[in-house]
Amino acid sequence: MPKPRVIYWFRTDLRLHDSPALKTALDLKPECLYPIWTWDPHYVYHARVGPNRWQFLLDCQNDLSESITKLNPQSKLFLIREAPQTLFPKLFKEWKITHLVFEKDTDAYGRDRDDKVKELAKEAGVEVITRPGRTLYDSDELVKANNNRPTMSISQVQHAGAKIGDIARPIPAPKSLPSPGTPTLSFNQQKPASNPDINAIQRDAEEKSYDALAGPNNDFAVPTMEELGLKPATTPHRGGETIGLKMLDEIIANEDYTATFEKPKTAPTAFEPQATTLLSPHMHFGSVSCREFYWRVQDVVSKYKGKASQPPTSLTGQLLFRDMYFGAQAALGYAFGQSYNNPQCRFIPWHLPSEIDTKSGLITGKYLVDDAKAEVFFKRWKEGRTGFPWIDALMRQLKHEGWIHHLGRHAVACFLTRGGCYVDWERGAEVFEEWLIDHEAACNIGNWQWLSCTAFFAQFYRCYSPIAFPQKWDKDGNFVRKYVPELEHFDKKYIYEPWKAPILDQKKWGCLIKGDGTDTDTDTEDGTLRTYPKPMLDFPKQRDICIQGMKNAYHVGLYGKNPKVLDGTWRKLFEDNAEGPTEGTEGPPGAMVEHEADNADADGAEDGEHAAPPSPKVEKKTPKKTTEKGKGAHKRKASQSTLDGMVTRKKKKD
DNA sequence: CAAGCGGTTGTACGC
DNA sequence: AGCGTACAACCGCTT
């Protein structure tokens with residue numbers, strides 16, 4: 001019997017240690033092993049990926065390739081620039097492949113892609129072997145053990161996990177690797193369609209991803225940022241298994257830190273060094289295995305003399321949350337990433353809702369500007385010029401470094417959605433997708449739903465203040481001074497609310513609080529004064545409006561799969577005089593989808609049924625008035641006032 | 001099965 | 001200064 005000729009297809013498992021799939025490939029005792037990466041146009045053109053995450057990916061690929069070569073000088077990571085869906089049939093033939101092995105992916109797109117590849121392999125007579133390895137538990141098994149329901153709480157994960165059994169111990173990295181065969185490519189490249197190219201904004205030069213199958217030097221090398229036409233990365237955080245494992249070693253070496261870590265007690269204002277591990281991008285790209293992380297921590301905890309922290313706040317608890325979000329995504333598929341058609345996601349008529357393709361029931365990537373003011377809020381939030389230094393510092397750190405502390409993510413997410421701007425969480429998730437180096441679709445989506453109180457979490461009256469919250473962590477405002485240098489000389493008394501500083505002091509401290517942040521640089525007579533914008537909204541007022549809106553939406557009680565949400569008749573349930581920016585039957589805001597009478601197919605035939613939403617409340621009772629002393633009587637009026645100047649848009653866009 | 005409790009990460013205020 | 005409590009009120013989970 002001829003010996004196997006194997007392709008090992010690397011994806012988000014860019015490592016050699018603890019790779020169940022790689023071990024499986026090696027256990028085949030192959031005659032030759034081709035470690036490859038296929039250049040997926042989904043990543044190049046369709047997912048939102050900023051330069052910092054690109055850089056991290058290239059780092060991981062370079063490091064992995066070098067590690068492979070150390071084990072076998074004839075081998076490396078072979079990058080082939082074509083979509084896997086068109087490339088594989090040609091590779092199977094050219095290299096006389098018998099087996100294709102890769103790590104299982106439960107992302108919505110990942111499943112579609114892999115199903116297609118499996119089909120092609122079957123046609124070619126190639127055996128496909130996949131192994132779970134991206135999470136502590138196989139996400140599909142976790143869902144099964146959770147009565148076939150998406151995992152929506154940590155206790156569900158813990159119970160379901162206990163049924164499955166122990167989390168697997170990590171597998172050591174291989175000591176040797178078989179050689180690849182001769183990696184010839186005597187076939188034509190099929191260039192993928194680049195339209196639409198939503199990553200065009202990430203580039204400042206021509207994009208040459210697909211100029212040649214094996215790259216410009218015909219050597220299968222990892223591309224450079226320049227080759228991809230990308231703007232330079234600005235992040236100090238770098239990728240690769242070597243760096244990732246070193247970081248893990250350093251964490252584990254500090255036994256007190258490892259064993260007593262409590263996430264809610266780590267400071268979101270800490271920098272140099274940050275308060276958390278920075279391992280999240282390594283979790284995403286697979287440059288550090290989550291099970292390696294889990295067991296290294298667990299082994300320290302087991303022999304720790306003092307009082308160790310427990311899930312969910314402990315380090316291992318963080319990994320359980322990750323598995324929870326993966327489980328939710330595995331069960332819900334594409335619907336997990338949107339409100340529309342999502343049985344687990346509360347329907348809130350946010351501003352700037354996603355446009356829906358009623359044929360597929362999926363969001364299109366565009367959104368509707370139902371409210372001019374909300375659009376301005378969103379832009380200023382994204383660009384870090386809200387006029388709230390805490391929010392702006394975080395957003396600038398996010399854009400520049402690709403990472404912010406988890407609690408910082410809470411602060412900006414709450415501010416954009418239920419605790420300030422009342423903008424759709426999907427808008428915020430898209431910005432995070434673009435800028436985070438650790439962007440993990442499942443975790444990002446899940447956390448945005450959590451923070452916006454549309455799923456996982458419901459205490460919408462707990463609202464982060466952009467002033468009081470950072471005060472708790474950083475009284476002197478050093479974090480703000482670093483990322484909002486305009487304010488570096490401000491007294492700590494005003495660092496989180498600089499608009500309250502007397503004009504004379506503003507001048508003394510070298511920065512005037514004025515404008516909306518678009519008149520960037522210096523200003524005024526002598527040109528020595530910088531400017532920083534005035535706050536774009538009255539936070540206490542806006543918070544009350546948002547809470548009223550949330551309360552109202554909760555009383556209506558719709559979820560994303562409710563027929564009234566699917567067909568647009570949800571409007572009838574939101575009275576015109578409802579408190580908060582919820583809008584009613586007459587107003588255009590909050591439009592998500594046209595009332596096409598015949599869009600019943602949007603309901604889709606897919607799963608979903610095993611995850612019935614809680615039945616909507618039909619409660620009649622009107623929200624009680626806030627009894628907050630002194631304030632709180634302005635709700636109705638204030639709510640209306642925020643809608644002044646609203647742009648009325650009527651029908652669906654062109 | 002109704003009620004009560006707790007929920008990784010709120011705020012403002014009083015002692 | 002640091003802790004406890006009210007605020008207004010959500011959910012899931014346990015008993």
Side-chain donor-acceptor contact under 3.5 Å, D370(A) with H351(A): yes
E440(A) and H284(A) side chains, donor-acceptor separation under 3.5 Å: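 Yes, side-chain donor-acceptor contact under 3.5 Å.
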As a test of reading the structure: which of [options] is closest to the side chain of [X], going by heavy atoms?
X       : options                  : answer
F469(A) : dT11(B), dC10(C), dT9(B) : dT11(B)
Q318(A) : dT8(B), dT11(B), dC11(C) : dT8(B)
R346(A) : dT8(B), dC13(C), dC10(C) : dC10(C)

Residue-phosphate contact under 4.0 Å: [X] side-chain N/O, [N] OP1/OP2:
X       : N       : result
T313(A) : dT9(B)  : no
S155(A) : dC13(C) : yes
Q459(A) : dT9(B)  : no
R462(A) : dC10(C) : no

Sidechain-backbone polar pair: Q338(A) side chain, G361(A) backbone, donor-acceptor under 3.5 Å: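 Yes, Q338(A) side chain to G361(A) backbone: donor-acceptor pair under 3.5 Å.
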Side-chain donor/acceptor of R418(A) to backbone N/O of L451(A), under 3.5 Å: yes
Sugar-phosphate, base or nothing in reach of W473(A), heavy atoms under 4.0 Å: nothing
Touch class at under 4.0 angstrom, heavy-atom based, for H159(A) against every strand present: sugar-phosphate
Base-pairing string, 5' to 3', of DNA chain B - Watson-Crick or wobble, under 3.5 Å, | interstrand: .||||||..||||||
Protein-nucleotide distance ([X], atom [atom1]; [N], atom [atom2]), rounded to Å:
X       : N       : atom1 : atom2 : value
F457(A) : dG12(C) : CZ    : C1'   : 13 Å
Q548(A) : dC7(C)  : CD    : C1'   : 14 Å
M152(A) : dG12(C) : CE    : P     : 9 Å
Q310(A) : dG6(B)  : CD    : C1'   : 17 Å
K475(A) : dG2(C)  : NZ    : C1'   : 11 Å
L320(A) : dG7(B)  : CG    : C1'   : 16 Å
K472(A) : dG2(C)  : NZ    : P     : 14 Å
M324(A) : dG7(B)  : CE    : P     : 15 Å

Selection: residues 259-275 of chain A, any non-hydrogen atom under 4.0 Å of DNA chain B: K263(A), P264(A)
Validation row: T417(A), V423(A) side chains within 4.5 angstrom (heavy atoms):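 A side-chain contact is absent here, since even the closest heavy-atom pair is not under 4.5 Å.
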Sidechain N-carboxylate O distance under 4.0 Å for R296(A), E292(A): yes
Between dT8(B) and dA12(B) - P atom distance, rounded Å: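 After rounding to an integer number of Å, I get 23 Å for this pair.
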Atom P, compared across dT9(B) and dC13(B): separation rounded to whole Å: 22 Å
Pair N52(A)-T235(A), side-chain hydrogen bond (donor to acceptor under 3.5 Å, both in side chains): steps then yes or no: CA-CA 6 Å; N52(A) 287 331; T235(A) 180; 4.9 Å; no
Aromatic ring proximity F377(A)/Y422(A), centre distance under 6.0 Å: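 Aromatic pair excluded; centres sit 6.0 Å or further apart.
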side-chain hydrogen bond (donor to acceptor under 3.5 Å, both in side chains) between S354(A) and R427(A), intermediate numbers included: CA-CA 8 Å; S354(A) 292; R427(A) 301 290 75 68; 2.9 Å; yes
Verify stack between F321(A) ring and dT8(B) base, 5.5 Å, 30 degrees: yes
Atom NZ of K399(A): over 12 foreign heavy atoms under 6.0 Å: no
